[in-house]
Amino acid sequence: MWTAIGCLIGGLILLIWMLIWNSTSQKDPASRASYTRWQGLMQVAYLALFMASAVLFLVW
């Protein structure tokens, strides 16, 4: 149960951080390039955390 909640909170934190980074990187080209490089990995990470959370909630 606590692991599922931890995965959910981790996924939400990662999603919010990604949205903040996206909005702040639009003004700086160097930051935008860095964001674009990490964007795919962050999307996979929060998707995996949300899926793990859903599976753990279903198992519980």
Side-chain angles (χ1 to χ4, degrees):
M1 172 70 175
W2 290 109
T3 306
I5 293 171
C7 286
L8 184 64
I9 291 171
L12 287 173
I13 289 172
L14 188 59
L15 178 63
I16 291 169
W17 179 47
M18 188 174 146
L19 292 173
I20 291 171
W21 192 10
N22 182 25
S23 65
T24 59
S25 71
Q26 292 181 1
K27 299 173 184 144
D28 183 21
S31 179
R32 188 65 184 174
S34 176
Y35 172 76
T36 305
R37 182 175 47 239
W38 288 98
Q39 182 181 12
L41 182 62
M42 288 188 297
Q43 287 175 341
V44 169
Y46 79 74
L47 180 64
L49 284 169
F50 286 153
M51 288 174 52
S53 176
V55 168
L56 289 170
F57 273 122
L58 287 175
V59 169
W60 179 69

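Owing to the predicted nature of the structure, the values given are computational and were not obtained by experimental measurement.
Connection of V44 to M51 is not established within any shared hydrophobic cluster, with ILVMFWY side chains joined at heavy-atom distances below 4.5 Å, either directly or through further cluster members. In the hydrophobic clustering of this structure, Y46 groups with W17; members are Ile, Leu, Val, Met, Phe, Trp, Tyr whose side-chain heavy atoms approach within less than 4.5 Å, directly or through other members. Side-chain heavy atoms closer than 4.5 Å link hydrophobic residues (I, L, V, M, F, W, Y) into clusters, and following such links, even through other members, never connects L47 to L56. Tracing side-chain contacts under 4.5 Å through hydrophobic residues (I, L, V, M, F, W, Y), one reaches I13 starting from W2; they form part of the same cluster. Residues L41 and W21 share a hydrophobic cluster, clusters being chains of Ile/Leu/Val/Met/Phe/Trp/Tyr side chains in contact below 4.5 Å.
For L12 against F50, the heavy-atom pair with the smallest separation is N-CE2, 3.7 Å.
The distance from atom CG of L15 to atom CG of L19, rounded to the nearest 0.5 Å, is 5.0 Å.
Under a 3.5 Å cut-off, the side chain of S53 and the backbone N or O of L49 do not form any donor-acceptor pair.
At least one side-chain heavy atom of R32 sits under 4.5 Å from a side-chain heavy atom of N22. Residues L14 and M18 are not in side-chain contact: their nearest non-hydrogen atoms beyond the backbone lie 4.5 Å or more apart.
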